[in-house]
Number of protein chains: 2
Amino acid sequence: MLNGRSTVNPELAARVHAAVRELGYRPNGVARNLRRRQTTLWAVLISDVGNPFFTSLVRGVEDGGRQFGYSVVLCNTDENRAREAEYIAVALADNMAGVIISPADDNTDISALVAAGTAVVTIDRELAETEVDAVMVDNEKGAEMATGHLLESGYRRIACITGPRRMSTAMQRLRGYQRALRSAGLPQDRALIRHADFREEGGYSAMASLLDEGVEIDAIFAANNLMTVGAVECLTERGVPIPDRVGVIGFDDIPWARLFRPGLSTVRQPTYELGRAAAQLLADRIDNPARPTARLVLQTELHPRESSRTRTS
Amino acid sequence: MLNGRSTVNPELAARVHAAVRELGYRPNGVARNLRRRQTTLWAVLISDVGNPFFTSLVRGVEDGGRQFGYSVVLCNTDENRAREAEYIAVALADNMAGVIISPADDNTDISALVAAGTAVVTIDRELAETEVDAVMVDNEKGAEMATGHLLESGYRRIACITGPRRMSTAMQRLRGYQRALRSAGLPQDRALIRHADFREEGGYSAMASLLDEGVEIDAIFAANNLMTVGAVECLTERGVPIPDRVGVIGFDDIPWARLFRPGLSTVRQPTYELGRAAAQLLADRIDNPARPTARLVLQTELHPRESSRTRTS
DNA sequence: CTGAAAGCGCTAACAT
DNA sequence: ATGTTAGCGCTTTCAG
């Protein structure tokens, strides 16, 4: 009756409902999950909730999931494949309805999930081998826009601090940077390219190494928010004026970037929307496991601020 | 045998384990949960993962929970009591092992959790009625330090933008502010006190109202990170120089506050540690439901930066 | 159309 | 010390 199945005497129904309230009866979700062989839980595997990029993503996923009646289990992988594998095992053991993952590596193994029939959506980063629903931004275009903006502002010796080779986003953003230089007819100088770890320290050290090695540069394109902050800190610490001596633009916004001085130019990603879209795709995949995989690419937006002001010299 | 109970023929054990691996057997956590009448899930109820304060808290909880074998379900309440109640119902229905909550209101009703025997720890904010384990900072002292610092820097007409009356943190921080003024022998001017909503917009409007009403002020103490940002934005927008015309200090740090210009003075809370401590307390409470309730108070740290530089005039 | 019964996969209690 | 069984609370199926 409580499932709204039977057609019962309305008076009886009222009495039952009263009793339900009176006795404080609560349906046991665990028993329901066991019987239905499904839960209403999603695992969200990201490298760090401390990074505002992922925060906003998670927020979107949670809001989206709520609409469909799912709760979100947070899983920080710290870019660590072992930890990632652990969480995948948990998701499997707990029969989670779906997994949204920003893989720590292009080759992250999600075959166990696929084999178990668990719905999976990758977010931000793509998987090389397995074909599953994916939501991401147009990284190559975003990076090209950023680099193109520096070129238009008059910078010519533009360095690129990108992420690890094993991550799709790092490579796509690097390609975008290279494409912009090529379009402008500028030489590709390998000394201008650094692979760091997508963290603040990585950005800092990459910036330091560029300065220490005396590589001639007049601008920096940093391929994520944290590395941008690291690079700026390094420049500030060493008294290199931004943008007069070195222009800076970063990929992905930083909250309150407008309160920084100089204001940081960035390529903004629609992070919240990425999360919402992933939630939509996952809910849909759960209802419709057979549908062909979807690949959703959202666009980025250029936000020029003072750190990439037009060069006058 | 898989529970490591029996003493079995080692050769047989090896064969079983081989079969386990071969067949890809995975224990069903849901069935286990039903039988044990317990899960390994914690619900963390906070108002917003988008706020770096809560982000860092959640990170601490997740890291702490992992150590004890728990996963964390993220629940954004948006300071909304209805949504909070919904999530409490979910935690109950899903038999979650424990709940860590930063209540949207001093009178948030957690009696259902208590009645069901679910372990609960409040974090950041306290509950007025129910006595449960609690982790927080010394808000009054932190606010007193902040205000005291402004006084030492030569400010005399210090306004306070605090949070809603219904929240313990807002009231404690207000009291700390008042205590500092009293110690300095300054008058308590009610026109200097504003209750906002702990959000950026709230800080912005409160600041705007102070300026619009022509209240004579030379400094601001804002009782959380987001309201500090809002207040600074308002001042910046209206061209009020910080700290020369108005000094600013905020409660709770903001990531990369040192990249802001002027650098924002803050009272730092040990956010990550708060989360870790709450996790510890919750795990312990689950193992030991009868132990008396604990109330853990951590200390804050003053981080003076340029926004509250000593007045020369 | 409604009520009864089987059983999801595991573990705790019980019998051997 | 080991093997067996009952049953967690629900939903689904099947019989009435």
Side-chain angles (χ1 to χ4, degrees), chain A residues 1-17 19-43 68-71 73 86 88-98 112-113 115-119 286-287 289, chain B residues 1-43 68-71 73 86 88-98 112-113 115-119 286-289:
Chain A
M1 189 214 108
L2 290 166
N3 302 317
R5 184 165 65 104
S6 314
T7 322
V8 286
N9 187 322
E11 192 251 339
L12 175 63
R15 260 175 51 213
V16 171
H17 280 118
V20 162
R21 223 168 310 115
E22 188 101 12
L23 297 167
Y25 167 80
R26 299 193 175 272
N28 182 324
V30 180
R32 164 184 289 146
N33 291 339
L34 177 61
R35 181 61 237 229
R36 289 211 185 137
R37 299 148 157 276
Q38 254 251 357
T39 64
T40 53
L41 243 35
W42 286 349
F68 300 107
Y70 295 97
S71 296
V73 178
E86 258 177 62
I88 288 176
V90 170
L92 234 29
D94 283 357
N95 254 308
M96 300 210 186
L113 290 170
T118 304
I286 291 166
D287 293 341
Chain B
M1 187 215 111
L2 290 166
N3 301 318
R5 186 163 66 104
S6 315
T7 323
V8 286
N9 186 322
E11 192 251 339
L12 174 63
R15 259 176 51 213
V16 171
H17 281 116
V20 163
R21 221 167 313 114
E22 190 100 15
L23 297 167
Y25 167 79
R26 298 194 176 272
N28 181 325
V30 180
R32 164 186 289 146
N33 291 339
L34 177 61
R35 179 63 237 232
R36 288 209 186 139
R37 300 148 158 277
Q38 254 248 354
T39 65
T40 53
L41 243 35
W42 286 351
F68 300 107
Y70 295 97
S71 297
V73 178
E86 258 177 62
I88 289 177
V90 170
L92 233 29
D94 283 357
N95 254 307
M96 301 210 185
L113 291 169
T118 304
I286 290 166
D287 293 343
N288 188 0

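A, B, ... follow the sequence lines: proteins, then strands. Residue 1 opens every chain.
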Does D/dC8 have OP1 or OP2 under 4.0 Å away from a side-chain N or O of B/R37? no
Taking atom P of D/dC10 as reference, at what distance in whole Å does atom CG of B/N28 sit? 17 Å
Over all heavy atoms of both residues, which pair between B/L34 and A/V30 is shortest? Give the atoms and the distance, please. N-CG1, 3.5 Å
Using whole Å, report how far CZ of B/R35 lies from P of D/dT5. 15 Å
So, for B/T39 and B/N33, which heavy atoms are closest and what is the spacing to 0.1 Å? CA-OD1, 3.6 Å
Just report the end-to-end axis angle for the helix from C/dC1-D/dG16 to C/dT16-D/dA1, five pairs per end, to 10 degrees. 60°
Would you kindly give the CG-to-P distance between A/L34 and C/dG7, to the nearest whole Å? 14 Å
Within-4.5 Å side-chain heavy-atom neighbours: B/L41 and A/L41: yes
Side-chain N or O of B/R36 less than 4.0 angstrom from OP1 or OP2 on C/dA12? yes
Over all atoms of both residues, closest heavy-atom pair of A/M96 and A/T118: O-CG2, 3.7 Å
Nearest heavy-atom contact between B/D94 and A/G29 is OD1-CA, 3.9 Å
For B/I88 and B/L113, work out which heavy atoms get closest and say how close. CG2-CG, 3.7 Å
Here the distance between atom P of D/dG9 and atom CD of B/Q38, to the nearest Å, is 14 Å
Between C1' on C/dC8 and CG on B/N33, what's the gap in Å once rounded to a whole number? 14 Å
From CZ of B/R32 across to P of C/dG9 the rounded distance in Å is 14 Å
Tell me the interatomic distance from A/R26, atom CZ, to D/dC10, atom P, rounded to whole angstroms. 13 Å
